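Note sheet for the following structure.
None of these values were measured; they are calculated from a predicted model.
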There are 2 protein chains.
Amino acid sequence: MDKGERILGAALEVFGRDGFAAAKVDEIASRAGVAKPTVYHRFGDKETLFTEALRRGAGLAHERVRAVIDAVDVRPADLRAELEVLGHALVGCVSREDGLAVSRLQISEQNRFPELVRDLRIGNRTRTIDALAGKLAQLAATGRLVLRDPSRAAQQFIALVADEVLASSEYGQRALSREEVDGPVRDGVDTFLAAFAAPAPPAGEGQPA
Amino acid sequence: MDKGERILGAALEVFGRDGFAAAKVDEIASRAGVAKPTVYHRFGDKETLFTEALRRGAGLAHERVRAVIDAVDVRPADLRAELEVLGHALVGCVSREDGLAVSRLQISEQNRFPELVRDLRIGNRTRTIDALAGKLAQLAATGRLVLRDPSRAAQQFIALVADEVLASSEYGQRALSREEVDGPVRDGVDTFLAAFAAPAPPAGEGQPA
DNA sequence: CAAGGATTGAACTCACGAGTTCAGTTTACG
DNA sequence: CGTAAACTGAACTCGTGAGTTCAATCCTTG
């Protein structure tokens, strides 16, 4: 209902698809179901509109990621399953259309909006990694993982789990089937655990290989 | 000396900095030290110029990466050192200004040039990973690594080594000092080896931790 | 050296899109 | 209710940049 939100949402879609320069304010207005002067009335000019749309998009994306990380159980019955769920959820956040738009724009418009992009990067990526590092550190504290540097491990977890999925989806061009996501995520978790899982303590079942 | 090459080089710089839509053919021409009609004489229009510039840039980048991978010694005296050298060299390829331009453009212009970007991705990324997978498989064959899926391992090696460097350089905005590259690369190799190194066979020195 | 193509600079056309204007209409709110 | 703000549609200005034109010049190659 709120027109401002609708405009920002439409702006993120159009900017995300076409980039700042090629995006047309007319299209944003009509997608938002609003007249062009309204857009200018609320946001002043195209650059401000871009800035606000990207800020909002990045904020929403960060909240989703944050919720996913906060939901990690640090005393899971099954560590591998817990990490796979986490991996899937993170990949889900990143491969949503709006999440991709935010990432794409941060990369493609960093020359036009260097301060904005730097803000978002330190405000979101850094905090995401810190949050995940905290969870991993807790898992290490209870002896499930062996970590020298939780931040580095957090960053590597994300790289392992998200990178191939992004690449094979052609950065969001192609929708992926269930298995095309499952395989890489499982393998990313495998590698992560092979590197960081604590050696099986008493007897029971350890890691596969 | 060849004007065509100079034009393509200038085009990659300018397109890489500004994106397709915002890049000005006039600037490309003047950077190449050439008159605007010459550009149109050789390449017809802006889209063709873009296509050829990106193809050429991706080709050169791929050749450099390829050379780095081909140079890997599959019977190294020191596996860790060999992989660190490889990691550094790969990061070097990826953080050159023109390499970054190629990556940025593949991401930002995939909606405008979907076929081109798909071509490059399967032509280069896939072949790069295959080449690296071959080397890793050889290392596995001689008992230095234990790999279930060499392709997956190759992709993960690249993700581990390159991801954080790219992120912390703000995708090429900021130049990195020697240590800012060394640390992440070493840690990436650490994790890779922790996951895939064969358990130390006889006695001698194994992996640190 | 002569012919043909490539190159140049400068001026040009033209489409397109940011941002504005305005007169009229809707909505919010005391 | 009544008034002020927000909103609308349509038409407008205006800068900018893709692509062209052309007459003059520069190679290149036989």
| said: Under 4.0 Å, counting only non-hydrogen atoms across every strand here, what does Ala21(A) touch: a base, just sugar-phosphate, or nothing? | reply: nothing
| field | Nearest to side-chain heavy atoms of Pro37(B), which nucleotide of dT8(C), dG19(C), dC7(D) | value | dT8(C)
| remark: Rounded to whole Å, the NZ-C1' distance (Lys36(A) to dA6(D)) equals 18 Å
| query | Should the heavy atoms of other residues, nucleotides or ligands under 6.0 Å from CZ of Arg148(B) be counted, would the total exceed 12? | reply | no
| field | Between dC14(C) (P) and Lys46(B) (NZ): distance, integer Å | value | 21 Å
| said: If I take atom CZ in residue Arg42(B) and atom C1' in nucleotide dA18(D), what distance separates them, rounded to the nearest angstrom? | reply: 20 Å
| query | Nearest-Å distance, CG (Leu49(B)) to C1' (dG19(D))? | reply | 13 Å
| How long is the line joining CZ of Phe43(B) and C1' of dG19(D), in whole Å? | 16 Å
| said: If I take atom CG in residue Asp45(A) and atom P in nucleotide dT20(C), what distance separates them, rounded to the nearest angstrom? | reply: 8 Å
| said: Please classify the nucleic acid contact of Ala29(A) as base, sugar-phosphate, or nothing, using heavy-atom distances under 4.0 Å. | reply: nothing
| task | Over 60° means perpendicular and under 30° means parallel, so classify the ring planes of Phe113(A) and Phe50(A), tilted if in between. | result | parallel
| Closest to the Val34(B) side chain: dT8(C), dG19(C), dA18(C)? | dT8(C)
| request: Please report, rounded to the nearest Å, how far the P atom of dC7(D) is from the NZ atom of Lys3(A). | output: 5 Å
| Nucleotide nearest Lys24(B) (side chain, heavy atoms from C-beta), chosen from dG19(D), dG9(D), dA18(D) | dA18(D)
| Between Tyr40(A) (OH) and dA18(C) (P), how many Å, whole number? | 5 Å
| field | Aromatic contact, Phe157(B) with Phe196(B) (centres under 6.0 Å) | value | no
| message | Any heavy-atom pair between the side chains of Leu83(A) and Val161(A) that's under 4.5 Å? | response | no
